[in-house]
Amino acid sequence: MKCNTRLIHGGYSEDPATGAVSTPIYRSSTFHQHILGGEPKWEYARTGNPTRASLEKLIAELEGGVAGFAFASGSAAIHAVFSMFSSGDHFVVGSDVYGGTFRLINKVLKRFGMEFTVVDMQNSAAVEAAIQTNTKAIYLETPTNPLLQIADIEAIAKIAKAHGVKTVVDNTFATPYNQNPLQLGADVVVHSATKYLGGHSDVVAGLAVTNDEAIAKQLAFLQNSIGSVLGPDDSWLLQRGIKTLGARMRVHHENAQAIVDFLVNYPRVDRVLYPGLPDFPGHEIAAKQMKHFGAIVSFELKAGLSAKQFVENLKLIDLAESLGGIESLIEVPAVMTHGSIPREIRWKNGIKDELIRFSVGIEDEEDLLADLKQALDQL
Ligand SMILES: *Cc1c(COP(=O)(O)O)cnc(C)c1O
């Protein structure tokens with residue numbers, strides 16, 4: 001089955017009890033056990049719920065893994081993955097990871113004795129140099145948020161394997177439609193399904209997938225033990241969203257390309273960051289490992305022009321956190337999504353105060369371009 005077909009027919013595409021083509025929402029916390037001490041398929045809904053299971057099967061198929069796990073948020077999925085490890089374990093982490101992941105690492109996981117070295121994942125040699133005897137995993141995002149930096153998943157996974165270390169990839173930005181890290185050698189993929197997979201800015205959810213049976217066992221145990229599971233209603237909503245991922249992504253891509261073409265030629269824009277640009281660092285690796293370059297575009301205005309004024313001038317494009325929804329969302333990372341990262345670290349990593357991140361939606365391209373233009377012209 002090819003990707004678009006799998007998006008629609010993957011998971012349990014028909015309810016075995018009724019033939020319903022949309023997986024029913026099984027709103028039951030517990031299930032009747034007909035035999036005392038038997039091994040019922042369903043017993044208690046934290047451990048397993050048929051609606052959630054359909055979603056979990058679907059994401060496992062989409063990423064080419066052996067098992068998928070649905071969590072109450074992307075952050076909960078990331079936390080569960082790190083919970084496979086212990087005090088004293090060391091991790092190599094990308095310098096441009098999601099702000100909330102950075103917070104989870106620094107304010108939570110470090111308190112439990114986990115150790116982290118932050119490196120630029122664009123530099124595979126630096127990744128290898130950061131590996132210590134107690135290193136257990138390499139954790140990366142590609143493209144990153146908000147600088148869209150590209151890490152070479154295949155090269156890094158190879159380094160990791162040579163050192164007996166696991167590779168974990170946050171695939172939120174690319175989605176399984178554009179990139180499949182497990183096929184490139186990664187061991188675990190995590191998603192904030194809140195973004196493109198849900199796609200309609202109406203559900204907060206997280207997913208994890210692995211192609212390793214031992215890791216799958218551990219994640220199933222941790223998902224049940226920690227308990228930050230996705231409820232049946234949100235599981236259904238997320239699966240509904242995933243069905244149209246392919247159709248949405250095609251329009252996202254078309255619009256993103258039009259926006260990039262406009263911005264690179266617009267005199268008030270200083271710099272456009274987009275992996276699809278031929279002179280973008282990492283363009284060739286992105287072209288190798290991604291089907292398409294995605295629909296997040298970051299840019300900086302010419303010196304002296306105010307990002308604040310620009311985003312407040314917009315009429316159609318929403319000033320809001322998050323990304324990946326059908327509606328265009330724009331934000332200023334230094335103030336919003338990455339505000340929890342200390343300013344000197346932000347600057348060192350290249351996130352200037354005036355950087356703008358644009359999650360290009362699927363509205364008509366002409367309307368998006370007109371809104372950008374009027375907001376820029378007013379500056
Ligand atoms: C949003 C996001 C997360 C966190 O996901 P939540 O669903 O908000 O908890 C993690 N990684 C990336 C890349 C994200 O964009």
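All ligand and atom numbering here is 1-based and tracks the order in the structure. Here, residue 1 is the first one in the sequence, and each next residue gets the next number.
Classification of the H34-H32 ring pair by plane angle, with boundaries at 30° and 60°, yields parallel.
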Identify each donor-acceptor pair in which a side-chain atom of residues 273-287 lies under 3.5 Å from a protein atom, sequence neighbours left out, and give them as a table.
{"from": "Y274", "atom 1": "OH", "to": "G294", "atom 2": "O", "distance (Å)": "2.7"}
{"from": "H283", "atom 1": "ND1", "to": "P275", "atom 2": "O", "distance (Å)": "2.7"}
{"from": "H283", "atom 1": "ND1", "to": "L277", "atom 2": "O", "distance (Å)": "3.4"}

Output a table of donor-acceptor pairs, distance under 3.5 Å, between side-chain atoms of residues 69-84 and any protein atom two or more places apart or on a different chain; print 'none' if there are none.
{"from": "S73", "atom 1": "OG", "to": "S75", "atom 2": "N", "distance (Å)": "3.3"}
{"from": "S73", "atom 1": "OG", "to": "A76", "atom 2": "N", "distance (Å)": "3.0"}
{"from": "S83", "atom 1": "OG", "to": "H79", "atom 2": "O", "distance (Å)": "2.7"}

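When atom types are taken as modelled, the side chain of W42 and the backbone of N49 share no donor-acceptor pair closer than 3.5 angstrom.
By the side chain to side chain donor-acceptor pair (under 3.5 Å) test, K352 pairs with no residue at all, sequence neighbours left out.
Atom CG in D96 sits 3.5 Å away from atom OG1 in T144 (nearest 0.5 Å).
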Could you pull out the N/O contacts under 3.5 angstrom between ligand 1 and the surrounding protein atoms?
{"from": "ligand 1", "atom 1": "5 (O)", "to": "S192", "atom 2": "OG", "distance (Å)": "3.0"}
{"from": "ligand 1", "atom 1": "7 (O)", "to": "G74", "atom 2": "N", "distance (Å)": "2.8"}
{"from": "ligand 1", "atom 1": "7 (O)", "to": "S192", "atom 2": "OG", "distance (Å)": "2.9"}
{"from": "ligand 1", "atom 1": "7 (O)", "to": "T194", "atom 2": "OG1", "distance (Å)": "2.7"}
{"from": "ligand 1", "atom 1": "9 (O)", "to": "G74", "atom 2": "N", "distance (Å)": "3.2"}
{"from": "ligand 1", "atom 1": "9 (O)", "to": "S75", "atom 2": "N", "distance (Å)": "2.8"}
{"from": "ligand 1", "atom 1": "9 (O)", "to": "S75", "atom 2": "OG", "distance (Å)": "2.7"}
{"from": "ligand 1", "atom 1": "11 (N)", "to": "D170", "atom 2": "OD2", "distance (Å)": "2.6"}
{"from": "ligand 1", "atom 1": "15 (O)", "to": "K195", "atom 2": "NZ", "distance (Å)": "2.7"}

